[in-house]
Each structure stands twice: as C-alpha cells, then as structure tokens.
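We use all heavy atoms of the structure for the numbers below, so side chains are in, but hydrogens, waters and symmetry mates are not. Predicted model only: the values in this text are computed from it and were never measured.
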Amino acid sequence: LSRWPFCAACPSLAARHMAAAIASLHCRLCWGCASYLHLGESRILSRRLYGVAAVAVAVIIVFWSLHRRTLPFAYRFQNALESYLYGSSALFVVLAMVYTALPDDPLAARLGTEALIAFVLFGSLVAGIIFSIRELKRTSRSLAEVDFSAFLSAAD
C-alpha cells in the first residue's frame, strides 16, 4: 500500500472535502433559516454567504499551496492536473460569488457570467481529459524505448 501513488494525497483530499462539506452545510442552513423566517435576501444573510464563499476560496488556496509544496502524487502530470483543478475550483467559486452579486436587470451581464461559469466548468473537464491523454501518449512513448529484457534477465 505504501507504493500506491495516491496514498500521500488521501489526508489532503479528505480534509479538503470535509471543509467543503462544512461550508456547504452552513450555506444550506443559512438559506433554510432565511426561507423559514421569510427574510428573503437580507444584508446579513448575503454577507454571511459571501463570507462562507470566501472561506471556501481560502480553503482551496491553502490546500493548493500545500499541494504545490508537497507534490503528493508519484507522477508530475498528476500533480500538474491536480494543481490545475485547484485553480479552476477557486475560479468557479469566485465566479459564482460574482454571479450572485449581479442584479437581475442587466440580463447580458448575468448571461455573460453564466457563460464564463459554464466555460470554467466544462473547460476544466475537457482540459483535464486532453492533458491526461497527452501525458499517457508521452509516457507510452518513453516506455517503448525501455528494454525490459534486462529486467527479466536480472529477475532470473
């Protein structure tokens, strides 16, 4: 199990998901209390929600910096892909905060922000897939040059 390339990342992933779950639960509780009390969009509630979103961005940035410091994955492309996904997650939360701050009246601004959010969401998936395929091809080319007969003769 110690040779598995993802073991070093498990505590980081668990802590990151726990922080995101706590922030999500806090947001849901705030919205639930506001709808129960018929408060609507009060200033206190919106400040609290922006505070929770800011904490979520801070958690993402802290774990991103810890990831860049420790590089927990065995392969360079895994660390680069995870770093890219941290950045897209932080950008996604920031764009969601901007979207909620926009008024309903200028529809073009809301549509533009929705388009940016969709681009970040789907762009991160597509870029991750393309990056993984490119690194897989590069790794298979470099492994094709390795002569495994020396390893097999040494094993005998």
Side-chain angles (χ1 to χ4, degrees), residues 1-32 46 48-102 104 106-156:
L1 188 65
S2 64
R3 300 185 66 107
W4 189 47
F6 301 108
C7 284
C10 289
S12 170
L13 291 173
R16 180 178 65 188
H17 289 298
M18 180 67 84
I22 289 171
S24 174
L25 176 65
H26 190 276
C27 278
R28 290 180 188 202
L29 287 174
C30 289
W31 279 115
S46 63
R48 181 174 286 182
L49 290 176
Y50 286 123
V52 170
V55 167
V57 170
V59 166
I60 291 170
I61 290 172
V62 165
F63 280 102
W64 189 5
S65 66
L66 289 173
H67 173 81
R68 295 299 301 158
R69 185 178 309 154
T70 59
L71 298 174
F73 296 114
Y75 300 106
R76 184 179 57 86
F77 80 92
Q78 292 172 319
N79 289 311
L81 182 62
E82 183 73 14
S83 183
Y84 172 73
L85 292 175
Y86 274 121
S88 64
S89 297
L91 182 61
F92 186 78
V93 173
V94 168
L95 284 174
M97 287 174 22
V98 168
Y99 181 76
T100 56
L102 290 174
D104 290 335
L107 188 59
R110 290 187 75 80
L111 288 176
T113 309
E114 287 176 4
L116 281 174
I117 289 172
F119 180 74
V120 168
L121 179 66
F122 294 117
S124 64
L125 293 173
V126 170
I129 290 168
I130 290 171
F131 184 74
S132 296
I133 290 172
R134 185 179 64 113
E135 286 298 316
L136 178 67
K137 287 180 181 179
R138 188 180 70 78
T139 303
S140 65
R141 274 194 310 257
S142 65
L143 286 177
E145 298 171 359
V146 175
D147 183 24
F148 289 107
S149 62
F151 292 113
L152 295 174
S153 62
D156 287 337

> So Val120 and Leu116, side-chain contact (heavy atoms from CB on, under 4.5 Å) or not? Walk me through it.
Replying inline: CA-CA 6 Å; Val120 168; Leu116 281 174; 5.5 Å; no
> When rounded to the nearest 0.5 angstrom, what distance separates OG1 in Thr139 from CZ in Arg134?
Replying inline: 10.0 Å
>> For Ile60 versus Ala90, what's the shortest heavy-atom pair and its separation?
In response: CG2-CB, 3.9 Å
> Do you know the tightest heavy-atom contact between Ser132 and Leu81?
Replying inline: OG-CD2, 3.6 Å
> Just by distance, do the side chain of His67 and the backbone of Glu82 share a donor-acceptor pair under 3.5 Å?
Replying inline: no
> Is the backbone N or O of Leu136 less than 3.5 Å from a side-chain atom of Ser140, with the two atoms forming a donor-acceptor pair by type?
Replying inline: yes
> From Arg76 CZ over to Glu135 CD, what is the distance, rounded to the nearest 0.5 angstrom?
Replying inline: 5.5 Å
>> Nearest 0.5 angstrom please: Leu71 CG to Leu66 CG, how far?
In response: 11.5 Å
> What closest approach, in Å, do Thr113 and Leu95 show between heavy atoms, and which atom pair accounts for it?
Replying inline: CG2-O, 3.9 Å
> Below 4.5 Å, heavy atoms only, C-beta onward: do Tyr84 and Phe131 meet side chain to side chain?
Replying inline: no
>> To check you understand the geometry: which heavy-atom pair defines the closest contact between Ile117 and Phe92, and what is its length?
In response: CG2-CE1, 3.2 Å
>> Parallel, tilted or perpendicular, judged at 30° and 60°: which one describes the rings of Tyr86 and Trp64?
In response: parallel
> Between the main-chain N or O of Ser83 and the side-chain N or O of Arg68, is there a donor-acceptor pair closer than 3.5 Å?
Replying inline: no
> What's the shortest heavy-atom distance between Ala53 and Val93, and which atoms?
Replying inline: O-CG1, 3.8 Å
>> Rounded to the nearest 0.5 Å, what separates atom OG in Ser89 from atom CZ in Phe63?
In response: 13.0 Å
> Taking all atoms of both residues into account, what is the closest heavy-atom pair of Ser142 and Val146, and its distance?
Replying inline: O-CG2, 3.6 Å
